Structure formats: structure tokens, C-alpha cells
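Because only heavy atoms are used, hydrogens play no part in the values below, and waters and symmetry mates are left out as well, while side chains stay in. Every value quoted in this text rests on a predicted model; they were computed, and no experiment measured them.
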Amino acid sequence: MAGGARTGRRVVLTGAGVLSSIGFGVREFAAGLRAGRSGVRPIERFDTTGFDRANGCEIPDFQPAQWIHRLDPATLGRAAQFAVGAAGMAVADAGLTAAELRDRRGVVCVGTTDGGSGDLEQIVTARVRSSVEPETLALQRIPASTLSSSIARELQLSDVDVMTVATACAAGNYAIGSGFDAVRSGAADYALCGGADGMCRTTFTGFYRLRSVAPDVPRPFDVDRAGILTGEGAGLLLLEPLERARARGARIYAEILGYGLDCDARHQVAPDRSGVARCMRIALADAEIRPSEVDLISAHGTGTKANDVTEVGAIREVFGERPPRTVSMKSMLGHTMGAATALAAIGSAVAITERFIPPTINHRHTDPDCPIDCVPNEAAEAELRVVQNNGLAFGGNNAVVLLGRFDG
């Protein structure tokens with residue numbers, strides 16, 4: 001589906017890689033979304049002694065050697081392992097090989113919140129009683145830049161721009177926007193973009209101190225919602241120009257129609273309704289899509305009191321009194337931080353392709369202050385032509401991506 005008389009090349013999504021608490025790979029991930037599968041389990045990644053709320057959405061039994069073949073997984077942090085594994089999946093899912101990409105100019109862009117913070121925690125925990133000096137421990141931290149550089153190293157990509165974006169919970173959409181711009185403008189022949197984060201004690205503790213961690217499960221838009229559950233994972237998208245994808249007979253999940261970014265910077269942690277609404281309008285304008293053409297909104301939908309009311313208010317400000325159905329995949333995945341919007345973008349694309357709407361699970365009673373149809377608990381069959389994917393982050397960093405059905 002074209003967004004209008006836009007300048008530049010049309011950009012399509014031809015490959016996706018997923019590592020999540022509800023499934024690995026696009027097929028399993030899509031099946032999990034359709035089934036309303038929950039990734040919630042007690043946190044095992046770090047010691048939760050002293051916390052009276054200790055559920056999360058970890059990836060169980062992750063074996064990095066299964067997904068990483070050239071680099072030594074032990075030299076990578078958990079988030080980088082996820083990023084590299086998901087990138088390799090995305091290339092294979094697109095029907096390409098790394099060797100084929102080496103002949104092309106590309107972009108690798110990964111969004112993250114914590115980067116290697118969780119890995120530093122593991123180092124400190126293991127050596128806290130040893131004689132290692134603090135300065136030495138700090139030097140052993142695996143930098144966030146490895147999330148993207150390790151992808152290039154694993155796939156032996158030399159003609160690439162490599163970027164890591166650290167705009168917290170909206171970082172995946174920021175990365176997708178960067179990749180989209182590079183391919184649309186002709187600066188790159190492909191983009192590997194998305195987000196990755198590992199379970200991090202520091203982030204969990206921060207949300208816990210903000211009283212934003214749910215006691216059991218996340219309940220976005222529910223009157224009894226009580227916060228988020230932190231999660232982990234990675235979503236990487238392979239974007240290509242439409243003409244190249246057509247020439248090689250590639251399967252196309254969706255077209256990237258446009259995106260919008262803004263930063264209202266009103267508050268360190270509280271979302272701002274006007275800033276969120278403005279970001280949605282920027283994205284719609286970039287895609288040349290009218291609000292009435294949007295069939296579904298994949299909301300940021302964290303399940304906190306403030307976020308859900310603010311986001312729904314902004315949606316109704318832009319879309320009117322009868323907005324599109326609006327769902328939260330975080331009800332299944334938890335909040336995967338920098339991976340969140342990337343996983344939701346892939347979820348949006350498979351929803352378009354497979355003609356269904358993922359549910360908002362754990363839902364009992366919609367909050368009157370969140371007057372939307374959140375597709376509670378069970379997936380719905382639907383013909384989707386345009387899906388809007390929202391990402392809101394601390395510091396007022398907002399990012400919205402529009403995806404559309406490609407009909408050939």
C-alpha cells in the first residue's frame with residue numbers, strides 16, 4: 001500500500017528475527033501473539049531477595065551458540081547476543097545470505113535502553129568479594145555499541161554504517177526510522193534495524209522504586225492495572241527498497257509507510273499528552289496517511305496508570321471519539337525496553353500479513369479513563385491495511401512508525 005506521492009524509494013520489510021519470551025522466530029512469535037500467550041514467569045536472571053514483586057518476562061533456556069556461529073558468544077553481553085541472533089534470523093527469513101549483503105551498502109542500527117548494564121551487574125556480582133579493583137570492573141563492561149557492531153562482525157559486513165540508539169523504550173522505533181530513511185533516500189541498499197535488551201536488575205529496581213512494577217501480570221488499559229513487568233529480547237527487521245525485493249521475488253510482510261519522532265522533554269518520566277499526539281501527527285503526515293485510514297494501533301501500553309490514560313487521551317485527540325482498535329503486546333511480552341517497539345513492529349507486520357489482531361491479555365474491566373477497544377484476551381480476525389506502532393520513552397522521547405499492507 002502506498003502512502004501517497006512521497007519522495008524517495010518505497011521501503012518494504014522482507015525479513016524479521018525475533019527472540020522473545022513467547023517464542024523464537026517469526027512463526028512461533030506470530031503463533032504466540034495469536035494465542036495470547038503470556039511470557040510471565042518468576043525472574044531468575046538476578047537475585048530478587050527483598051523484592052515483594054519479582055515476576056518478569058525472561059527468555060528461558062537461551063543458548064546463544066545456537067544463533068551465533070562466527071563470534072564467541074562469551075565475549076558478548078546478553079543484549080548483544082540477542083541482537084546478533086535476531087539479525088541472523090532476519091537475514092535468513094528474508095531468503096538472503098550474509099554473503100549477498102556484503103556486496104551492498106547497508107545500515108545496521110539497534111535501539112536499546114540498558115545496553116550492557118545487565119552484564120556489568122553480573123560481573124560485579126561474581127567478583128564483589130574478590131580483590132578486583134572497581135576501575136578494572138568498569139573496564140570490563142561490554143559497551144552498548146556492541147549491539148550493532150557485533151552484528152556487522154558476525155555477518156562480516158564491511159560496507160555498513162553501524163549505529164546504536166539509546167532512546168530508552170522508544171529506541172526500536174528510532175532505529176527503524178533511521179534504517180527506513182537510509183533505504184528510502186538511497187543512501188543504503190538495505191537496513192538491519194530494531195532493538196535489543198537483556199533483563200537488567202538496575203532497570204527493574206528503578207521501576208520498582210517508582211512503584212511501577214505489577215504484582216502479578218501487566219494489565220494495560222484495565223481499571224485494576226498496577227504497572228509493568230520488565231522483559232527482555234530482540235526484534236530485528238530487514239528493510240529493502242521495493243524494486244530490489246520485487247526483482248528477487250522476496251516475500252514482503254509489509255511496507256514501511258513513514259514515521260515520526262519528537263521530544264517534548266516536559267518531564268523525566270511522565271508522558272505528555274500533547275507531545276504524544278504531535279508525534280502521531282508527524283508520523284501520519286510523513287506517511288501521507290489520514291487518521292481514518294489507520295485500522296489498528298499497537299500502543300505503547302505499559303499498564304501503568306499514567307501512561308495508559310495519557311496515551312489513550314492522545315490517541316483520541318488525533319483520531320477522534322471512535323479511534324481504531326488499540327492493543328498492547330506488552331500484556332504478553334512484558335516491557336522489553338529497547339526491544340519493545342521493534343518487537344511490536346514485527347507483531348504489527350505479521351498481523352497485517354496473517355490478518356488478525358493480537359489481543360490485550362489479562363484484561364478484566366476497561367478503565368473508563370481509557371475508552372478504547374483493546375481487543376481483550378482473544379485475538380480477532382481482521383483485514384488490516386495500515387497499522388500504527390507507538391513508542392513512548394522517558395524524557396519525552398516519542399517515536400511512531402506506520403506500516404501498511406503491500407498488495408503488489
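Side-chain contact check for Ile346 versus Leu237: some heavy-atom pair is nearer than 4.5 Å. Within the 4.5 Å cutoff, no side-chain heavy atoms of Thr302 are placed close to those of Pro220. Looking at Val312 and Phe221, their side chains come closer than 4.5 Å, going by heavy atoms from C-beta outward. Counting heavy atoms from C-beta outward, Met337 and Cys200 have side chains that stay 4.5 Å or more apart. Taking the side chain as every heavy atom from C-beta outward, Pro358 and Ile361 never approach each other to under 4.5 Å. The closest side-chain heavy-atom distance from Arg325 to Val375 is below 4.5 Å. Using a 4.5 Å heavy-atom threshold, the side chains of Arg34 and Glu354 count as touching.
Looking only at atom types and distance, the side chain of Asn390 has a donor-acceptor partner in the side chain of Gln388 under 3.5 Å away. If you check the side chains of Asp114 and Thr203, you find a donor sitting under 3.5 Å from an acceptor. Between Asn389 and Asn173, the side chains place a donor N or O and an acceptor N or O closer than 3.5 Å (distance only, hydrogens not considered). One side chain, Asp52 or Tyr208, offers a donor N or O that lies under 3.5 Å from an acceptor on the other. A side-chain N or O of Thr112 and one of Asp197 form a donor-acceptor pair less than 3.5 Å apart. Neither side chain, Thr360 nor Ser328, offers a donor N or O lying under 3.5 Å from an acceptor on the other.
Within the model, atoms CZ of Arg53 and OG of Ser212 stand 9.5 Å from one another, a figure rounded to the nearest 0.5 Å. Summarising the geometry, atom CG belonging to Asp181 is positioned 12.5 Å from atom CD1 belonging to Ile176; distances are rounded to the nearest 0.5 Å. Atom CG of residue Asp264 and atom CZ of residue Arg273 lie 13.5 Å apart, to the nearest 0.5 angstrom.
Using a 30° and 60° split on the angle between ring planes, Tyr259 and Phe180 fall in the perpendicular class, above 60°. In this pair, Phe207 and His335 present their aromatic rings tilted. The plane angle is within the 30 to 60° band.
The pair Arg355-Glu381 does not meet the salt-bridge criterion, since no charged nitrogen lies less than 4.0 angstrom from a carboxylate oxygen. For the pair Asp286 and Arg184, the salt-bridge criterion is met [side-chain N within less than 4.0 Å of a carboxylate O]. Comment: Arg251 engages Asp93 in a salt bridge, judged by a side-chain N to carboxylate O separation of less than 4.0 angstrom. Taking the charged nitrogens against the carboxylate oxygens, Arg385 and Glu293 have no contact shorter than 4.0 Å, which rules out a salt bridge. Salt-bridge check for Asp159 with Arg102: failed, with every basic side-chain N at 4.0 Å or more from each acidic carboxylate O. For Asp222 and Arg225, the salt-bridge test fails: no basic side-chain N is under 4.0 Å from an acidic carboxylate O. Salt-bridge check for Glu58 with Arg45: failed, with every basic side-chain N at 4.0 Å or more from each acidic carboxylate O. Using a cut-off of 4.0 Å between Lys/Arg side-chain N and Asp/Glu carboxylate O, Glu240 and Arg104 are scored as salt-bridged.
Between the Gln81 side chain and the Pro73 main chain, a donor and an acceptor come within less than 3.5 Å of each other.
In this structure, the ring of Phe204 has its center less than 6.0 angstrom from the ring center of Phe51.
Within a 6.0 Å radius of CZ in Arg105, other residues, nucleotides and ligands contribute more than 12 heavy atoms.
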Criterion salt bridge (Lys or Arg N to Asp or Glu O under 4.0 Å) on Glu317 and Arg281, from CA distance to verdict: CA-CA 10 Å; Glu317 181 178 322; Arg281 291 190 178 105; 3.5 Å; yes

